[in-house]
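Worksheet for the structure shown next.
We number each residue from 1, following the sequence as shown. Since we're looking at a predicted model, the values are computed, not measured.
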Amino acid sequence: MKEYSSKDIRNVVLIGSAKSGKTTLSEAMLYEGKVIERRGTVEGKNTVSDNTEFEQTNQKSVYATPLYAEFMNNKINVIDAPGSDDFCGGALSAFKVCESAVLLINAQQGVEVGSEIFARYAEQYNKPVMVAVNQLDTEKANWEHSRDTLKEAFGKKVVFVQFPVNPGLGFNGFIDVLTMKYYRFKDENGTREELEIPAEYADEAETMHMELVEKAAEGDDALMEKYFETMELSIEEVRAGLSAGFAKGEVMPVFCLSAKKDIGVKRLMEFIINVTPSPEGQVSKTISGDEVKCDPAGPVSIFIYKTSVEQHLGEVSYFKVMSGTLTEGADLVNPETGNGERLSAIYAVAGDKKEKVSKICAGDIGCVMKLKAGKTDVTLAAPGQDAIEHMIFPDAKYRCAVKAADKNDEAKVGEALNKIAALDPTVNVEYSKELRQTILSGQGEQAINLVKWKLTNEYKLNVEFIAPKVPYRETITKVATAQYRHKKQSGGAGQFGEVHLLVCPYVEGEPAGNKFMIGGKETILNVKSQESYDLEWGGKLEFINCVVGGAIDLGFMPAILKGINDKMTEGPLTGSYARDIRVYVYDGKMHPVDSKEIAFIIAGRNAFKEAFRNAGPKILEPIYNVDIMTPNEYVGPCMSDLNGRRGMIMNQDMDRGFTILHARVPLAELYRYSTTLSSLTGGAATFSMKFADYQPVPADVQTKLLAEYAAQEQEED
């Protein structure tokens with residue numbers, strides 16, 4: 001492979017709904033770029049990108065695969081991203097290293113929810129998007145519907161560079177209104193002839209050409225001025241204007257394709273080279289807010305956006321050179337840890353094809369094998385450089401608990417889960433001490449099913465996926481007092497400690513009072529010290545010392561606090577963590593010889609336990625903000641389902657033909673919600689969820705939870 005400079009590189013990610021033809025397009029691009037001699041098919045399980053057993057068996061992409069094509073003396077790096085939102089991590093990682101995106105639209109469906117989702121991700125990451133309407137050769141291809149839904153979804157940004165001739169089974173060409181040529185294809189290998197536009201299409205082509213020229217003129221003030229003077233622009237000027245508008249995200253060019261028959265692929269690649277931005281001069285941010293310019297002469301800095309474990313190769317780290325020129329044998333440093341790495345060999349990559357190269361220039365993409373710590377989202381750089389800003393991924397939408405079918409395999413399952421999660425930044429694994437479960441979370445049930453498949457087929461482990469427990473909290477609703485004396489005599493020195501305390505609810509912003517009814521009498525407590533603690537599981541504990549007259553030595557207060565903290569981890573109702581409580585220690589007793597720290601830990605713990613039980617304890621449950629984006633026809637079923645989940649719909653918005661429902665829903669009601677929503681809407685809706693706060697459970701739910709906890713304790717006894 002020849003060496004490419006930054007200005008001769010283009011990095012694009014293929015995005016779109018499942019079945020839009022991204023893998024087929026990438027195969028055609030590799031064919032046109034002479035990387036492969038014949039194109040594979042998804043059905044034939046022989047494509048370059050979908051090369052894992054799971055992808056071939058299920059005939060869908062689940063990993064973002066880096067590829068390249070050498071075309072017109074340029075190198076186009078292509079990342080074929082999965083079409084399911086469950087595997088959105090691949091596309092989001094690709095946005096980190098690509099300057100632009102190609103959004104594929106299935107001509108049989110037009111703009112789908114998946115199209116909207118990935119276009120929104122691109123907008124969120126400030127990546128300009130061009131559109132390729134694919135599968136125009138199919139019987140149900142509908143160009144007019146695709147065109148109309150594009151305009152409805154993306155508005156004035158849409159500009160048509162081409163329109164098809166004979167869409168459907170007879171599709172064999174298109175009119176290109178940039179070059180004003182009719183491209184007709186002789187075979188299914190991209191062989192084309194350039195013809196004059198037929199008379200029956202001349203008016204439509206002229207109208208669309210003028211729209212394209214006007215859109216190009218809007219991208220540059222000088223071009224706009226010339227257009228007003230002459231009412232025309234040259235092809236080079238149109239390209240320059242489109243390039244300026246595209247880079248700013250103000251232009252969304254639309255192309256016509258049959259990736260399967262290699263119709264339009266070459267023109268798309270030509271446009272990518274002529275119009276889309278190269279990485280040269282692009283700027284990335286570091287974690288400290290500084291800028292790193294994509295400059296081949298700068299200090300070396302690479303960003304690892306993906307890792308995988310590949311048969312016969314081991315762990316492979318995929319990276320983009322953010323700055324400088326990387327050479328084989330380079331010694332780099334992780335700026336965040338200070339650990340060094342030697343990149344003994346570096347490769348250009350097209351799926352499972354790796355070609356060893358001696359250097360990779362700034363802006364280019366490559367891979368390296370068997371790094372010590374070359375994980376996803378890691379920067380390796382020359383000494384003294386800062387780390388590139390980390391990637392941000394959506395909060396998980398699906399949670400489940402994982403347990404080994406054989407208890408002897410628990411350690412193996414945990415180790416395997418951690419290895420799997422390290423390869424997908426949207427999959428998280430943690431052991432919850434609170435729930436005593438291993439919790440697996442991801443973007444949807446498909447992602448979780450892939451983890452299960454890996455555990456079963458690659459690691460040969462038998463596992464069960466079950467509903468996770470809910471991290472409830474407990475608090476109190478009224479004032480209560482209690483006292484406890486711990487006295488123990490065992491031969492020599494004994495143990496003695498007595499604690500009197502009062503508990504009441506802690507409410508943010510409300511000052512601590514000092515007047516209470518204690519033992520039937522109104523009592524004013526003398527506050528000597530007041531300490532507030534943020535609990536690691538959320539909420540507050542306020543500890544107030546009101547002991548007077550030396551009843552308890554000040555040195556025993558930390559022991560009493562420790563006893564209370566111990567009991568806060570095990571509420572009396574369901575054994576959940578307690579929160580938002582004020583504790584006043586107002587009296588007690590000690591012994592000059594037998595009082596010890598352990599005695600006051602025990603006394604404090606038991607006094608708090610008794611007071612908590614008498615203070616109107618209440619179970620709190622986690623509430624999540626849930627946003628559902630759905631086509632309008634499914635709003636009713638979605639709202640009805642939310643009501644059945646104890647959800648509260650707060651409001652709703654309209655956005656580009658979709659309704660967005662904003663609701664508050666208890667976490668306990670969200671298990672497998674992604675699956676239900678997909679079933680309700682035929683896969684047309686999507687959602688996001690984020691923790692909001694804790695709220696008291698309804699009385700009937702509390703009664704049910706108390707009964708379940710009592711039965712569980714009895715079973716354990």
A side-chain contact here means heavy atoms from C-beta on lying under 4.5 Å apart; do [X] and [Y] qualify?
| X | Y | result |
| --- | --- | --- |
| M629 | D655 | no |
| T456 | N462 | no |
| D587 | I552 | no |
| R399 | Y671 | no |
| V503 | V479 | no |
| D693 | R664 | yes |
| V583 | I544 | no |
| I564 | L501 | yes |

Check: [Y] main-chain N/O paired with [X] side-chain donor or acceptor under 3.5 Å:
| X | Y | value |
| --- | --- | --- |
| S317 | I304 | no |
| Q437 | P468 | no |
| E445 | Y398 | no |
| S679 | T675 | no |
| S595 | F496 | yes |
| D594 | G494 | yes |
| N545 | V547 | yes |
| Q695 | L620 | no |
| T703 | A699 | yes |

Going by an N to O cut-off under 4.0 Å, is there a salt bridge joining [X] and [Y]?
| X | Y | value |
| --- | --- | --- |
| D424 | K454 | no |
| E341 | K370 | no |
| K285 | D290 | no |

Side chain to side chain donor-acceptor pair (under 3.5 Å) evaluation trace for N625 with H662: CA-CA 7 Å; N625 288 328; H662 304 283; over 6 Å; no

Qualifying salt bridge (Lys or Arg N to Asp or Glu O under 4.0 Å) pairs with a residue from [range], counting only residues at least two apart or across chains:
| range | result |
| --- | --- |
| residues 571-585 | E542-R582 |
| residues 480-490 | R485-E498 |
| residues 550-565 | K562-D566 |

Modelled atom types, side-chain donor and acceptor of H486 and N606, under 3.5 Å: no

Side-chain donor-acceptor pair present, T307, T376, cut-off under 3.5 Å: yes

[atom1]-[atom2] distance between [X] and [Y], expressed to the nearest 0.5 angstrom:
| X | Y | atom1 | atom2 | value |
| --- | --- | --- | --- | --- |
| E415 | K412 | CD | NZ | 9.5 Å |
| C400 | L440 | SG | CG | 4.5 Å |
| L502 | Q483 | CG | CD | 12.0 Å |

Is the count of non-hydrogen atoms from other residues, nucleotides or ligands lying under 6.0 Å from [X] atom [atom1] greater than 12?
| X | atom1 | answer |
| --- | --- | --- |
| K609 | NZ | no |
| K589 | NZ | no |
| R342 | CZ | no |

Please report the closest heavy-atom contact between [X] and [Y], naming both atoms and the distance.
| X | Y | value |
| --- | --- | --- |
| S93 | P425 | OG-CG, 4.1 Å |
| T475 | F612 | O-CZ, 3.9 Å |
| K478 | G616 | CE-N, 3.6 Å |
| P394 | L92 | CD-CD1, 3.4 Å |
| Q446 | S84 | NE2-OG, 3.3 Å |

Residue pairs involving residues 517-551 (criterion ring pair (Phe, Tyr, Trp, His ring centres under 6.0 Å); sequence neighbours excluded): W537-Y577

Pairs where residues 419-454 contributes a residue and the test ring pair (Phe, Tyr, Trp, His ring centres under 6.0 Å) is met, not counting sequence neighbours: F54-W453

Candidate list T426, D395, I448, test side chain to side chain contact (heavy atoms under 4.5 Å, CB included), partner Q443, passing option: T426

By side chain to side chain donor-acceptor pair (under 3.5 Å) - contacts of D700 (at least two apart): none

Under the side chain to side chain donor-acceptor pair (under 3.5 Å) test, residues paired with S308 that sit two or more places apart: E310

Partner of E315 by salt bridge (Lys or Arg N to Asp or Glu O under 4.0 Å), out of K375, K372, K306: K375

Aromatic contact, F516 with Y584 (centres under 6.0 Å): yes

Close aromatic pair by centroid cut-off 6.0 Å: F687 and Y673: yes

Those residues that, when tested against K320, pass salt bridge (Lys or Arg N to Asp or Glu O under 4.0 Å) (two or more places apart): E99

Residues which pass ring-ring contact (aromatic ring centres under 6.0 Å, His included) with Y318, listed by chain and number, not counting sequence neighbours: none

Can I get a per-line list of side-chain donor-acceptor pairs under 3.5 Å for residues 643-652, giving both atom names and the distance, sequence neighbours left out?
residue	atom	partner	partner atom	Å
N643	ND2	M639	O	3.3
R645	NE	D641	OD2	2.8
R645	NH1	E669	O	2.5
R645	NH2	T676	OG1	3.2
R646	NE	E669	OE2	3.2
R646	NH1	E621	OE2	2.7
R646	NH2	E621	OE1	3.0
R646	NH2	E669	OE2	3.4

Stacked cation flag K96 on Y125, 6.0 angstrom / 45 deg: no

Would you mind writing out the side-chain donor-acceptor pairs for residues 378-390 within the sub-3.5 Å range, not counting sequence neighbours?
residue	atom	partner	partner atom	Å
T379	OG1	I388	N	2.9
D386	OD2	T286	OG1	3.1
D386	OD2	S288	N	3.4
D386	OD2	S288	OG	2.3
H390	ND1	D377	O	3.3
H390	ND1	D377	OD2	3.1
H390	NE2	E336	OE1	3.2
H390	NE2	E336	OE2	3.0

Geometric class of the Y624/F691 ring pair [parallel <30°, tilted 30-60°, perpendicular >60°]: perpendicular

Listed partners of K704 passing side-chain contact (heavy atoms from CB on, under 4.5 Å), at least two apart: E708

